[in-house]
Protein chains: 2
Amino acid sequence: MRSISDNPEPQESVDDRTTKARIRDAAIASIAEHGISGTTARKVASAAGVSPGLVIHHFGSMEGLRTACDQYVSGAIREFKERTMTGGPTLDVLAALRDSPNGPLMGYLAQVLADDSPAVAKLVDDLVDDAEGYIQQGVESGMLKPSDDPRGRAVVLTVWSLGALALHQHLRRLLGTDLTDPEILTDPAAAAYIAPVYEIYGKGILEEAFAARARAAFTESEGTT
Amino acid sequence: MRSISDNPEPQESVDDRTTKARIRDAAIASIAEHGISGTTARKVASAAGVSPGLVIHHFGSMEGLRTACDQYVSGAIREFKERTMTGGPTLDVLAALRDSPNGPLMGYLAQVLADDSPAVAKLVDDLVDDAEGYIQQGVESGMLKPSDDPRGRAVVLTVWSLGALALHQHLRRLLGTDLTDPEILTDPAAAAYIAPVYEIYGKGILEEAFAARARAAFTESEGTT
DNA sequence: TAGTGTGTTGAACATGCGTTCAATCTCTGA
DNA sequence: TCAGAGATTGAACGCATGTTCAACACACTA
């Protein structure tokens with residue numbers, strides 16, 4: 001087996017701890033925990049141990065801070081992907097993402113997914129593109145079934161994964177699984193979510209006869225009553 | 001025979017157009033369009049054509065207004081379900097919900113799903129319970145495949161549906177499908193989402209050999225790579 | 001007709017927000 | 001050694017927010 005904690009300092013893009021970086025990290029943590037509307041300049045400043053004025057001095061405005069957080073998180077995810085992709089294709093980028101020492105990264109993502117900013121939209125688009133590539137590799141290697149609409153299938157699978165992340169409080173309440181938990185892979189409660197997912201991924205939910213009937217009815221007409 | 005329209009006022013919860021009701025409707029529309037943090041007492045008052053003070057006079061506080069909206073929407077959804085359920089089982093409650101003259105109801109739901117209130121949590125729990133019942137009926141009638149974990153499968157399918165609703169802006173950007181559109185059934189763009197969904201529901205995505213291997217590896221140990 | 005109560009207003013209050021700014025601190029480079 | 005530049009502070013400003021409250025309008029009852 002190969003351990004993940006081999007490289008403690010990956011790149012400088014995620015290795016500054018200047019005051020500016022501390023403020024940004026505090027903002028990310030606050031958004032992950034209290035949401036966007038619950039994150040104010042004063043709270044971030046207090047969490048970072050600085051004055052409110054310094055937050056604006058470094059980022060121009062709260063919107064600038066938000067943009068910086070989005071870009072940092074996007075960069076961290078992108079970097080993690082590139083580091084992991086070389087180890088072979090993964091079915092789900094998010095599944096791999098959860099297995100990284102990313103701190104409140106998934107929590108941040110969960111909070112900002114619904115409130116779409118340009119950076120988040122770009123990130124989601126990238127995740128879909130990645131998924132499409134991974135899925136195509138999976139099809140070629142015989143792991144995954146081909147699709148009539150590879151792009152649409154990649155979109156749906158990605159949105160489902162991200163949607164489950166955005167609604168993680170409901171999943172935690174209903175199944176005990178917390179998708180934002182950085183140590184989710186060591187949590188046995190994760191099986192309550194993963195097992196049904198893989199069952200659906202494995203065999204679908206529709207019986208063949210009905211699936212064929214629905215498919216036929218769907219392709220011949222869409223809008224009739 | 002008794003028709004449904006015999007009692008024009010079934011409950012006071014879903015049939016008043018008093019000023020109080022107008023304020024509540026304005027709040028629901030505002031939340032559906034601008035989100036929770038974008039909905040203020042003054043904006044709601046302006047949209048309803050009243051003064052800000054009246055909003056608080058009727059609902060005690062903005063939190064009270066929010067609770068009233070949650071309860072009204074929950075009631076409307078519950079009522080719609082009861083009216084539709086008699087016509088036979090449906091695979092997805094949400095699919096049926098979208099086909100109702102519900103105005104900004106889906107938009108409201110999309111906005112509040114991520115920001116969980118007790119009322120929303122209760123609503124989600126109810127939707128899962130409904131889904132579990134519908135799915136069981138589907139299994140018994142030979143339409144759906146049985147599951148090793150019926151409850152877990154119902155949770156996952158419901159959360160996926162709701163998650164896609166919560167991330168409707170991404171779906172609209174990526175596929176052109178707007179799940180919050182009240183007239184979605186007459187929109188041909190809906191096929192871009194529904195077709196991949198039914199493909200996955202029909203046959204899954206994993207090839208049998210790999211699915212069996214993953215299942216075996218999963219049941220024997222969970223944490224090892 | 002007088003009176004009571006509810007619906008409704010508009011001004012006001014306190015609070016928290018993002019942001020500005022002059023003043024101070026700290027450190028670097030010549 | 002010292003000047004200058006960036007980092008940092010703390011008080012302040014203007015604004016939007018939720019909420020309060022005295023006053024008014026109108027309906028219904030006695």
Side-chain angles (χ1 to χ4, degrees), chain A residues 12 15-72 108 111-112 114-120, chain B residues 9 12-13 15-72 108 111-112 114-120:
Chain A
E12 66 274 36
D15 207 9
D16 42 56
R17 276 302 267 186
T18 61
T19 303
K20 187 173 179 180
R22 267 181 25 239
I23 295 174
R24 186 238 298 130
D25 290 349
I28 291 175
S30 174
I31 289 177
E33 190 172 3
H34 306 107
I36 295 171
S37 64
T39 296
T40 69
R42 283 171 175 79
K43 287 182 187 169
V44 170
S46 171
V50 299
S51 67
L54 196 59
V55 175
I56 268 65
H57 171 256
H58 276 305
F59 295 95
S61 66
M62 284 304 285
E63 188 183 339
L65 174 59
R66 168 67 200 283
T67 302
C69 291
D70 278 353
Q71 290 175 350
Y72 178 82
Y108 180 88
Q111 293 283 0
V112 300
D115 172 291
D116 63 338
S117 71
V120 171
Chain B
E9 295 119 22
E12 62 274 41
S13 68
D15 207 6
D16 39 53
R17 268 307 262 189
T18 61
T19 303
K20 186 174 178 179
R22 267 182 22 240
I23 295 174
R24 188 237 298 129
D25 290 349
I28 291 175
S30 174
I31 289 177
E33 189 172 3
H34 305 108
I36 294 171
S37 64
T39 296
T40 68
R42 283 169 175 80
K43 286 181 187 170
V44 170
S46 171
V50 299
S51 66
L54 196 59
V55 175
I56 267 66
H57 172 257
H58 276 304
F59 295 94
S61 66
M62 285 304 284
E63 187 183 340
L65 174 59
R66 168 67 200 283
T67 302
C69 290
D70 278 352
Q71 290 176 348
Y72 177 82
Y108 181 87
Q111 293 284 358
V112 301
D115 172 292
D116 64 337
S117 71
V120 171

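Numbers restart at 1 for each chain; the letters A, B, ... are given by sequence-line order, proteins then strands.
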Taking only nitrogen or oxygen atoms into account, show me every contact under 3.5 Å that the protein makes with nucleotides 6-8 of chain D, one pair per line with its distance.
unit_1, atom_1, unit_2, atom_2, d
dT8(D), OP1, Thr19(A), OG1, 2.9
dT8(D), OP2, His58(A), NE2, 3.2

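The closest side-chain heavy-atom distance from Val55(A) to Arg42(A) is not below 4.5 Å. Within the 4.5 Å cutoff, the side chain of Arg66(A) has no heavy atoms near those of the Phe59(A) side chain. In this structure, Gln111(B) and Thr39(B) have side chains that are not in contact, with every pair of non-hydrogen atoms separated by 4.5 Å or more. The shortest side-chain heavy-atom distance between His58(B) and Val50(B) does not fall under the 4.5 Å cut-off.
Contact check of residues 36-47 of chain A against DNA chain D (heavy atom, cut-off under 4.0 Å) returns Arg42(A).
In this structure, CD1 in Ile23(A) is found 12.5 Å from CD1 in Ile28(A), a value given to the nearest 0.5 Å. Atoms NZ and CG, from Lys20(B) and Asp25(B) in turn, are 12.5 Å apart once rounded to the nearest 0.5 Å.
Nucleotides of DNA chain C lying under 4.0 Å from heavy atoms of chain A occupy a range whose first and last members, 5' to 3', are dC17(C) to dT20(C).
Among all heavy-atom pairs drawn from Tyr108(A) and Ala32(A), the shortest one is N-CB, 3.4 Å. Taking all atoms of both residues into account, the shortest heavy-atom contact from Cys69(A) to Ala27(A) is SG-CB, 3.7 Å. Considering all non-hydrogen atoms of both residues, Arg22(A) and Ala48(A) come closest at NH2-O, 2.9 Å.
No side-chain donor-acceptor contact under 3.5 Å links Ser30(A) to the backbone of Ala26(A).
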